[in-house]
**Q** 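Input: one structure, supplied below.
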Amino acid sequence: MRRIIFFFLSSFFTTCFAFEKIPTQELLLNYLENDIELQNLTLEAKSAALSLDYAKVSNGFDVTISSGSVLLNLNDDGTKLSATPSVKMSLPQASGLSISAQTDLLLEGDSREVSDSSISAEIDLISTTTLARKVSLLKAERSYQESLRSLQKRAYEAEIEFYTELEDLLSSIKTLIKAEQTLYSDTIDFDSVKAQGYSESSSTYRLAQMQVLSDKHSVESYLRELIRDYVIFYKKCGYDISLEANLDYLQLIPDDFENCQAVNVQDFEKSSYSKIEEALWTNKINSMERRTNSIFTLSANSGYTFDNSSTDSDTVDAGLSAAFSGLSVNAGISLPVSSSSSPAISMGFALSPSTFKKNSIEKKQASIAEEEELLDIQNAEYEYETYLVTAEQNLESILWESQTAKENYEMYSKLADDLEAWYKMGIVTESEYLSAKTNAEMYQVEILMDMLEIIIYNDEIKSNFVTLEENEA
């Protein structure tokens, strides 16, 4: 009967090369490779990796060499050159340690004069510089991790889209099988009407005939749509195909699906649920950042100056700088090495009264932000519990439908085998045999659709958890 149907439809389609099924995994790989969003996210991940390298360099050991201001005078008396060269090394991870050296250099004719040469070191005694550096690096690392997560999540989404489209194609095949079954059943009824002797002009004859024609048009329409959708689907996978008009559409059914097991959502750590992980991270990094806004800092410096112009001798230098809210104070002393010189003392302060008020406001804002972040964590945990129930119920439904389809397929497949033998013996009608055979084919397609549902379910579960292996800083 199916050969008759396709012979009837052959006049509506152009004959093309024979269709050869391509392995599903190969189609999937090409589908992912052609996904523009995946390509963009791959580039974003590469850019984020470079940004992370940049942040590490910016927050690591640094050396600066400077010539200072260079002044060159050319006159009749000769050439005069003055400069203030310096070098500075900083190591932020060591409590903001920095070491610097500089000198005043004067070259005039054949003479050379060096003055105010000094070497000094500065370190933070009480400061948030180290913490601020750590926050900066953590944010850069997080940005890179999130770019990888976005890439992975999109890969899951694209795979879900692929299998969803494939499932839609199987659903179209299932619809076409039902339409073919209806056409065959109505054709048998029409043959019965003709056998009963109804004239072609009678309403009974004409209604039966019109029903058969309508069924043929339905099959034709479904087949057109199926061929169109398959051509489009393969194009998305990077293949240009054409389908023969007399191709048995059952040949389009994939036969290489892997019978995978459904993942257990309970096997995933609660803390790896993406919304909980994100809320915890946000609270952690914001808490660290709030601690960098300390109202009190203290730093110290020391050094040695050769031929200090302030004391006309070599000096040992030391100083302290402190800041508390809107008040900042600094003091320094230069102790001459020579006992004939007096020490030089420097000090200063600055006061900004409005800073006290602003700090008080910022503290209250920080407290509110902390409460909001804790609420976000609670909400994420509530969503997690709801998600668990939803996922488990969905899986239960999928497994039940899968088991039902398998049982029905086994029943109709065995029945079709029995009826085929009985039909050849003339015990049952052709309609009864083909009805059982068609039902078996429908449940065969249903089994494959249920297998795809499990694959889609697994991808959806995995996409909602952080599965990348990451080293926490």
**Q** Should Arg154 and Glu44 count as an ion pair when the cut-off is N to O under 4.0 Å?
**A**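 The answer is no: the pair does not qualify as a salt bridge.
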**Q** Just to verify, what does Tyr412 make a ring-ring contact (aromatic ring centres under 6.0 Å, His included) with, not counting sequence neighbours?
**A**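 Listed in chain order: Tyr443.
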**Q** Quick one: are Ile173 and Tyr230 in side-chain contact, heavy atoms under 4.5 Å?
**A** yes
**Q** Taking Thr182 for the side chain and Lys178 for the main chain, is one N or O donor matched with an acceptor at less than 3.5 Å?
**A** yes
**Q** Nearest 0.5 Å please: distance from the CG atom of Leu388 over to the CZ atom of Phe268.
**A** 11.0 Å
**Q** Do Ile253 and Leu448 have side chains that get closer than 4.5 Å, going by heavy atoms?
**A**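 Side chain of Ile253 against side chain of Leu448, heavy atoms only: contact under 4.5 Å found.
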**Q** For the residue pair Gln403 and Glu407, confirm or rule out a side-chain donor-acceptor distance under 3.5 Å.
**A** yes
**Q** How far apart are the closest heavy atoms of Ala179 and Tyr222, and which atoms are they?
**A** CB-CD1, 3.5 Å
**Q** Would you say the side chain of Glu278 lies within less than 4.5 Å of the side chain of Ser274, judging by non-hydrogen atoms?
**A**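 Counting from C-beta outward, Ser274 and Glu278 never come under 4.5 Å.
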**Q** Does the Asp376 side chain pair with the main chain of Ala279, one donor and one acceptor, at a distance under 3.5 Å?
**A**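 The answer is no, because no donor-acceptor pair under 3.5 Å joins these two groups.
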**Q** If we only count heavy atoms from C-beta on, is the Leu399 to Tyr457 side-chain gap below 4.5 Å?
**A**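 No - every pair of side-chain heavy atoms lies 4.5 Å or more apart.
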**Q** Any chance you could measure Asn408, atom CG, to Asn439, atom CG, to the nearest 0.5 Å?
**A**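 Asn408 CG to Asn439 CG: 9.0 Å, rounded to 0.5 Å.
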**Q** Any heavy-atom pair between the side chains of Met449 and Ser171 that's under 4.5 Å?
**A**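 They are in side-chain contact.
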**Q** Got a sec: does the CD of Gln261 have more than 12 other heavy atoms crowding it under 6.0 Å?
**A** no
**Q** Report the C-alpha distance between Arg142 and Glu277 in whole Å, list the side-chain angles of each, state the deciding distance to 0.1 Å, and finish with yes or no for salt bridge (charged side-chain N to carboxylate O under 4.0 Å, His left out).
**A** CA-CA 12 Å; Arg142 178 69 178 191; Glu277 192 276 340; 2.7 Å; yes
**Q** Given the rule in the side chain to side chain contact (heavy atoms under 4.5 Å, CB included) test, do Leu138 and Trp281 qualify, once you have shown the distances and angles that lead to the verdict?
**A** CA-CA 10 Å; Leu138 284 175; Trp281 157 259; 3.9 Å; yes
**Q** Would you say Ser150's side chain and Glu146's backbone share a donor-acceptor pair under 3.5 angstrom?
**A** yes
**Q** Can we say Glu373 and Arg290 salt-bridge, meaning some charged N sits less than 4.0 Å from an Asp/Glu carboxylate O?
**A**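 Salt bridge flag = yes for Arg290 with Glu373.
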**Q** Strictly distance-based, threshold 3.5 Å: is any side-chain N or O of Ser402 a donor or acceptor partner for the main-chain N or O of Ile398?
**A**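 Absent.
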**Q** Testing the basics here: between Asn458 and Cys260, what is the closest heavy-atom pair and its distance to 0.1 Å?
**A** ND2-SG, 4.0 Å
**Q** Considering only heavy atoms from C-beta outward, does the side chain of Gln444 approach that of Leu250 to under 4.5 Å?
**A** no
**Q** State, to 0.1 Å, how close Val263 and Lys462 come at their nearest heavy-atom pair, and which atoms those are.
**A** CG1-CE, 4.0 Å
**Q** Measure the spacing between CZ of Phe162 and CG of Leu452 and express it to the nearest 0.5 Å.
**A**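 Spacing of CZ (Phe162) from CG (Leu452) equals 9.0 Å.
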**Q** Side chain to side chain contact (heavy atoms under 4.5 Å, CB included) between Val265 and Tyr273: does it pass, once the steps are laid out?
**A** CA-CA 10 Å; Val265 69; Tyr273 183 61; over 6 Å; no
**Q** Working to the nearest 0.5 Å, report the span between CG of Leu137 and CG of Leu52.
**A**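 The distance works out to 8.0 Å.
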**Q** Mind checking the CD1-CG spacing from Ile22 to Asp256? Nearest 0.5 Å is all I need.
**A**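 The CD1 atom of Ile22 sits 11.0 Å away from the CG atom of Asp256.
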**Q** Report yes or no: does Ser136 contribute a side-chain atom to a donor-acceptor pair with the main-chain N or O of Ala132 at less than 3.5 Å?
**A**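 Looks like no, no N/O pair under 3.5 Å.
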**Q** Within the distance-only criterion (no hydrogens, no angle test), does the side chain of Thr386 pair as donor or acceptor with the backbone N or O of Tyr382 below 3.5 angstrom?
**A** yes
**Q** If you measure from the Lys or Arg side-chain nitrogens to the Asp or Glu carboxylate oxygens, is any gap between Lys414 and Glu410 under 4.0 Å?
**A** no
**Q** Can Met442 and Gln181 be said to form a side chain to side chain contact (heavy atoms under 4.5 Å, CB included), step by step?
**A** CA-CA 10 Å; Met442 282 195 296; Gln181 185 181 34; 3.9 Å; yes
**Q** Below 4.5 Å, heavy atoms only, C-beta onward: do Phe465 and Tyr384 meet side chain to side chain?
**A** yes
**Q** Check whether more than 12 heavy atoms from other residues, nucleotides or ligands sit under 6.0 Å from atom OH of Tyr54, and answer yes or no.
**A** no
**Q** Using a strict cut-off of less than 4.0 Å between a Lys/Arg side-chain nitrogen and an Asp/Glu carboxylate oxygen, indicate whether Glu37 and Lys153 qualify as a salt bridge.
**A** no
**Q** Leu32 and Glu159: which non-hydrogen atoms are nearest, and at how many Å?
**A**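 Between these two residues, the closest heavy atoms are CD2-N, 4.0 Å.
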**Q** Main chain of Tyr144, side chain of Ser147: is a donor-acceptor contact present, judged purely on distance under 3.5 Å?
**A**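 At least one qualifying donor-acceptor pair exists.
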**Q** Would you say that Glu165 contacts Leu169 through its side chain, given a criterion of any heavy-atom pair below 4.5 Å between the two side chains?
**A**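 Not in contact.
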**Q** Counting only heavy atoms not in Met411, do more than 12 fall under 6.0 Å of its CE?
**A** yes
**Q** How close do Val87 and Ile65 get, heavy atom to heavy atom, and via which atoms?
**A** CG2-CG1, 4.0 Å
**Q** Roughly how far apart are Asp240 CG and Lys235 NZ, rounded to 0.5 Å?
**A** 3.5 Å
**Q** Is the backbone of Glu460 close enough, under 3.5 Å, to the side chain of Asn464 for a donor and an acceptor to pair up by distance?
**A** yes
**Q** If you take all heavy atoms of Pro85 and Leu105, which pair is closest and at what distance?
**A**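 Taking every non-hydrogen atom into account, CD-CB, 4.4 Å.
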**Q** Examine distances only and state if a side-chain atom of Ser172 and a backbone atom of Asp168 form a donor-acceptor pair shorter than 3.5 Å.
**A**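 Side chain of Ser172 to backbone of Asp168: a pair is present.
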**Q** Salt bridge check: are Asp255 and Lys21 linked by an N-O gap of less than 4.0 Å?
**A** yes
**Q** Test side chain to side chain contact (heavy atoms under 4.5 Å, CB included) on Glu180 and Tyr249; report intermediate values, then the result.
**A** CA-CA 11 Å; Glu180 184 186 70; Tyr249 57 79; 3.3 Å; yes
**Q** Please answer whether the main-chain N or O of Asn283 pairs with a side-chain N or O of Ser287 as donor and acceptor at a distance below 3.5 Å.
**A**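 Looks like yes, one N/O pair under 3.5 Å.
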**Q** Pairing donors with acceptors under 3.5 angstrom, does anything connect the side chains of Glu383 and Asn379?
**A** yes
